[in-house]
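One structure is given below, encoded as structure tokens.
Numbering starts at 1 and runs along the sequence shown.
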Amino acid sequence: MQDTAMTILAIVVAGLLLFIFPLMAVSERNNDIAQTVAKKAVTEFVGEVATTGAITADQYSKLTNQLSSTGNNYDVEMEIKKIDDNIGKKSQWVNNKVIGENVQYSVYTDQISRSLETNGAYNLKKGDTISVKVKNNNKTMAQTFRSLVGAGNKDTYEIAAQESALVTATGSK
């Protein structure tokens, strides 16, 4: 009677090992692929914006479509540090045509999104800096399996990518 119970328990444990751990490995591989896709999409987006000097609705849509192809939901955070020429006294140090010093101010995702909705583009100037951060906001299958086994982490995101670049062209609509 005891041997039968042990046999049944051994079969259940073997069944779990045969199905759960391979599924965990596949889901971890899916996270790796999603990480690669996210990094590539963000790098291409930032590179294209830096060389064209503008963020267009089509570029942003392409980024979000590439990210959603991984099956995850993402938060996209954009920050643009714009150069604002501060008009003041003439500077003798570098160039006598420069007036004052350059000051940067930041523009964030909400403002950029509104501009994309109304104008279809957000233009930048040469010398501005663009920074994009992307991270998933859903629980991936790998996180679910890890929490099932008891090895889950407390982070809400697992897939993240970020990229920054200096804008090399002034955009025009």
Side-chain angles (χ1 to χ4, degrees), residues 27-143 146 152-173:
S27 63
E28 290 290 344
R29 180 68 179 136
N30 285 342
N31 277 6
D32 293 343
I33 291 169
Q35 176 69 40
T36 303
V37 169
K39 179 65 177 165
K40 183 177 182 275
V42 169
T43 302
E44 287 176 358
F45 175 76
V46 170
E48 189 174 355
V49 169
T51 56
T52 61
I55 300 172
T56 64
D58 290 338
Q59 290 170 332
Y60 186 72
S61 177
K62 180 181 172 187
L63 171 68
T64 56
N65 287 340
Q66 287 176 335
L67 292 173
S68 66
S69 72
T70 64
N72 295 307
N73 300 323
Y74 292 89
D75 290 328
V76 179
E77 298 174 14
M78 293 184 281
E79 179 183 6
I80 297 172
K81 291 188 179 185
K82 297 186 69 84
I83 292 182
D84 183 27
D85 297 327
N86 185 16
I87 299 174
K89 63 180 183 174
K90 284 194 175 190
S91 172
Q92 299 286 331
W93 294 99
V94 180
N95 184 350
N96 62 358
K97 294 178 183 167
V98 175
I99 298 175
E101 59 185 44
N102 290 333
V103 177
Q104 290 187 330
Y105 64 93
S106 293
V107 178
Y108 296 100
T109 307
D110 292 338
Q111 296 162 304
I112 297 166
S113 296
R114 274 180 282 181
S115 179
L116 291 176
E117 289 172 6
T118 57
N119 303 331
Y122 186 85
N123 293 320
L124 300 137
K125 293 187 298 190
K126 183 177 181 178
D128 292 347
T129 305
I130 180 168
S131 176
V132 178
K133 294 178 186 175
V134 169
K135 57 185 173 182
N136 73 310
N137 58 13
N138 64 317
K139 196 170 186 180
T140 65
M141 191 65 100
Q143 286 174 305
R146 271 191 246 121
N153 59 1
K154 294 178 173 88
D155 291 336
T156 56
Y157 70 91
E158 183 155 300
I159 301 163
Q162 69 179 37
E163 189 73 28
S164 298
L166 186 66
V167 177
T168 58
T170 299
S172 60
K173 195 170 181 189

So, T168 side chain and A50 main chain: donor-acceptor pair closer than 3.5 Å or not?
-> yes

Note: S106 and Q111 closest approach over all heavy atoms is O-OE1, 4.4 Å

So do the side chains of L67 and N72 get within less than 4.5 Å of each other, counting heavy atoms only?
-> no

Shortest non-hydrogen separation from M78 to T109 and the atoms involved | N-OG1, 2.6 Å

Nearest heavy-atom approach of A169 to T51 is CB-O, 3.3 Å

From N123 atom CG to T56 atom OG1, the distance as rounded to the nearest 0.5 Å | 10.0 Å

Value for CD1 (I80) from NZ (K125), rounded to nearest 0.5 Å, stands at 12.0 Å

Nearest heavy atoms of A34 and I159, plus distance in Å = CB-CD1, 3.5 Å

Distance in Å, L116 CG paired with R114 CZ, rounded so as to fall on 0.5 Å steps | 11.5 Å

From CA spacing to verdict: side-chain contact (heavy atoms from CB on, under 4.5 Å), F45, Q59 | CA-CA 7 Å; F45 175 76; Q59 290 170 332; 3.9 Å; yes

Taking all non-hydrogen atoms of both residues into account, name the closest pair between V37 and S69 and its distance.
-> CG1-OG, 4.3 Å

Got more than 12 heavy atoms from elsewhere within 6.0 Å of NZ, K133?
-> no

T70/N136 under side-chain contact (heavy atoms from CB on, under 4.5 Å): CA gap, chis, key distance, verdict | CA-CA 10 Å; T70 64; N136 73 310; over 6 Å; no

Any donor and acceptor pair, going by atom type alone, linking the side chain of S61 with main-chain N or O of A57 inside 3.5 Å?
-> no

Short question: side chain of S115, backbone of I112 - any donor-acceptor pair under 3.5 Å?
-> no

Side chains of L124 and V49: does their closest heavy-atom pair fall under 4.5 Å?
-> yes

Spatial distance of atom OH (Y74) from atom OG (S68) [nearest 0.5 Å] | 9.0 Å

Which residues share a side-chain contact (heavy atoms from CB on, under 4.5 Å) with K40, sequence neighbours left out = E44

Give a yes-or-no answer on whether the side chains of N137 and D75 include a donor-acceptor pair shorter than 3.5 Å.
-> yes

Taken to the nearest 0.5 Å, the spacing of Q162 CD from K39 NZ works out to 7.5 Å

Run the side-chain contact (heavy atoms from CB on, under 4.5 Å) check on T43 and E163 step by step: do they pass?
-> CA-CA 6 Å; T43 302; E163 189 73 28; 3.5 Å; yes

For K81, does the NZ atom sit with more than 12 other heavy atoms under 6.0 Å from it, leaving out its own atoms?
-> no

Which distance, rounded to the nearest 0.5 Å, do you find between the CG of N31 and the CD of E28?
-> 6.0 Å

Shortest non-hydrogen pair, V76 vs V134, comes out as CG2-CG2, 4.1 Å

Would you check if the side chain of E79 reaches a backbone N or O of I130 as a donor-acceptor pair within less than 3.5 Å?
-> no

Sequence neighbours left out, what passes salt bridge (Lys or Arg N to Asp or Glu O under 4.0 Å) with K126? Give chain and number order.
-> none

